[in-house]
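Working notes, structure below.
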Amino acid sequence: MALDLSLLNPQQKKAVLQTEGPLLVLAGAGSGKTRVIAHRVVHLIDQGVPARAILAVTFTNKAAAEMKERIIKLAGARERTRGLTVSTFHAFGVRIIREQHERLGLPAKFAILDSGDQAALVKRLLRDVKIDDKRFDVPRLVAILSRLRMSGIPGHPDEEYELAASELLPRYQLGLRAMGATDFDDLLLLPLRIFREAPEVLQNYQKRYRYLLVDEYQDTNEPQLQLLELLAGLRRNLCVVGDDDQSIYAWRGAQVRHILQFDKKYPGCVEVFLEQNYRSNGNILEAANAVIGKNPGRKPKKLWTAGGPGPNIRLVCAPDDAAEAKHVADEIIRLAYEEKIPPREIAILYRTNAQARPFEEALRLAGVRYRVVGGTSLFDRKEVRDLIAYLRAALNPRDEVALLRIVNVPARGIGDATVARAQELARARKATVWDVFCSAPPELGHAAERIAEFVAVLRSYGEKLSQRGFSEAARALVEEVGLFEEARRGAQSLAAQARRIEALESLLRQLIDYEKREEQKLAEKLAAGPQADLAADPADDDDDGFASGLPGYLMRLALDSKDADGDGGDVVTLMTLHGAKGLEWRCVFLAGLEEGLLPHSGRGFDDASGEPQADGAINLEEERRLCYVGLTRARERLILTRATERVKRGKPLPRTPSRFLEDIPAGLLDVIDLAGPQAESAKEVQQVKAKSFFAAMGALLDDPGDPQP
DNA sequence: ACCGGTTTTATTTTT
DNA sequence: TAAAACCGGT
């Protein structure tokens, strides 16, 4: 059965059929990019390319999962896609490192440090070098370390932070190695190193991955670019899809240059422009075009739609952030009631995570169910991080960040002094702290006994956690070391206690679910196809190359968008503009269209200190693209909001409208001023609405069920 | 080690 | 303003 291409437009078709050689697909927002990639993959398979020879790379796990799902659906049978790799750059890096871990001197179940862990490591290193760690903002040092490694570009060489970072860098890398751990950057840099130092290894991967696809190519940084170049080799079957107008990760090292100069790097490449938009109403598109049109140096393109203009875009001016949030909440209820737009089709987007607060409050008050994506989550809670540290330390006691985090949690009489002495000893003996703990030397005094106990516990669970039934073992560990009691201890209120316990329970539940699912998958595979396992190497079927069991869970945890539990349910979505890229809703609220917030400025807007921005002036072009991304998320309705005053740092601050608003043709906008002359009557209207609201909710409840609290 | 109260300080975006 | 860091008393 051949793939049906009749639903594609001519440009899309071209992008699908041009299978050989370098191909650049410039895909405007909503131009059917995902669909093209999915069709392309299935077309390749139709042409007889084995699925395992195809590698598709995305930037987020969510995007990868979605892509895979679409491909399977399109292919008609999961079987046909077996062996296909769809993953993020970072997950792909994990896979390579895992396959080559011996070459790198890493354990098979190496840890992946998140930024919190990195900060802990850097803090320790600062103390080692006898620099008072108070003088430095450690997260900033971590950021500079990352930039140094990823781009090799030293910043202002005279700055004390740059200096400290470059001095710290070798120690940092040695520290990681000694711990048998990696960080995010390593996931790209180590594979790159392997490919460079061991050409025969590279050849193996080149031989396997004959067709490469990259989504969101405008977001690639230098190491990613090089990784692709090496993998593509002389064959150059590299198809990149992206949109220079949606490049919003320059601060992470991404270079728009990469997509703009693809044709220079790959001469003879074919270029395809996808400019027909299938997503948004005409008015929304026109506004978005107007805003992005102001950016210089773009690949010129203009999105168009065959659909109608739709309703005007609305601009709401609220007196403050609370009013802004309340209006949005009221409006969401109205949309649900009058226009029957379900919550899952509505999103509230903003520039900074901090903006979510007022919206959460207003929505809760209004009884609207919602979900905040990103920001702080289950895994930012102290008790959960402690538990994870226990799991990590038990699996790999060399992981010193984890080990030192929990060595005295709950308090077991191994205090700061003892730990410091152990670290000294470790340094003197060129061993790890764990080794010192194990040998329990007399230097550690009467704490030695407690240390021996601690070592024994970690040892015994290290085994249990490596085997089947690890989720049970995790619970036993929690109980044995008394993490529940520990969670109860410091809590201010009973409610806080309950929240902490619940957080721990929630993680334990996740572990159980995870293990169950894994066992299920294994059973299915054994039942379904013994023949599938014959030809392929294990990494093939292990569809993403992660380890199995708890180590695999921890790796995923480090990489996955820590989206709390459950993404299901018919609820309103709240997230940052960065998180929103690639997604769409019928109705989008874009909040905080104000100077300093949407063109975001790093230095405070009220400050007179005139401190120079660390990394050059604000990136206005990128801020504009960010705005463009936000505008183009909406299918039918777009509501922009701003506040005339915002409480910042205790004191209220007057706010001016975003300059991007001026670029939107006035004819497309309906302006509503909540503080204007009609504010009183508007308020009354609101009140009337509020009264009818409960009736409305009642009606909703009676309708095909969506449960509201 | 732990507690309670006081003082400081923070403000982008994320794999 | 609110959360984190800090401090000094048990």
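Reminder, nothing fancy here: chain letters follow the sequence lines and each chain counts from 1.
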Legend entry - Closest to the A:Trp251 side chain, choosing from B:dA1, B:dT12, B:dT14: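 Within the option list, the nearest is B:dT14.
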
Inset, instruction - Would you mind checking if A:Lys33 and A:Glu216 are paired as a salt bridge, meaning a charged N to carboxylate O distance below 4.0 Å? - result: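 Yes, A:Glu216 and A:Lys33 are salt-bridged.
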
Between [N] ([atom2]) and [X] ([atom1]): distance, integer Å:
{"X": "A:Asp183", "N": "B:dT15", "atom1": "CG", "atom2": "P", "value": "15 Å"}
{"X": "A:Asp219", "N": "B:dT14", "atom1": "CG", "atom2": "P", "value": "13 Å"}
{"X": "A:Arg412", "N": "B:dC2", "atom1": "CZ", "atom2": "C1'", "value": "17 Å"}
{"X": "A:Leu188", "N": "B:dT14", "atom1": "CG", "atom2": "C1'", "value": "13 Å"}
{"X": "A:Arg625", "N": "B:dT12", "atom1": "CZ", "atom2": "P", "value": "19 Å"}

Legend entry - Output field: ring centroids A:His90/A:Phe59 closer than 6.0 Å: no

Legend entry - OP1 or OP2 of B:dT14 under 4.0 Å from side-chain N/O of A:Thr576: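 A:Thr576 to B:dT14 OP1/OP2: side-chain N or O found under 4.0 Å.
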
Inset, instruction - Indicate whether OP1 or OP2 belonging to B:dT13 is found under 4.0 Å from a side-chain N or O atom of A:Asn619. - result: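 The answer is no; no side-chain N or O of A:Asn619 sits under 4.0 Å from OP1 or OP2.
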
Inset, instruction - Would you check if there is a donor-acceptor pair between the side chains of A:Gln224 and A:Tyr217 at a distance under 3.5 Å? - result: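 On atom types as modelled, these side chains do not qualify, holding no pair under 3.5 Å.
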
Legend entry - Interatomic spacing from NE2 in A:His578 to CH2 in A:Trp251 - rounded to 0.5 Å: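 Answer for the NE2-CH2 pair, A:His578 versus A:Trp251, is 5.5 Å.
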
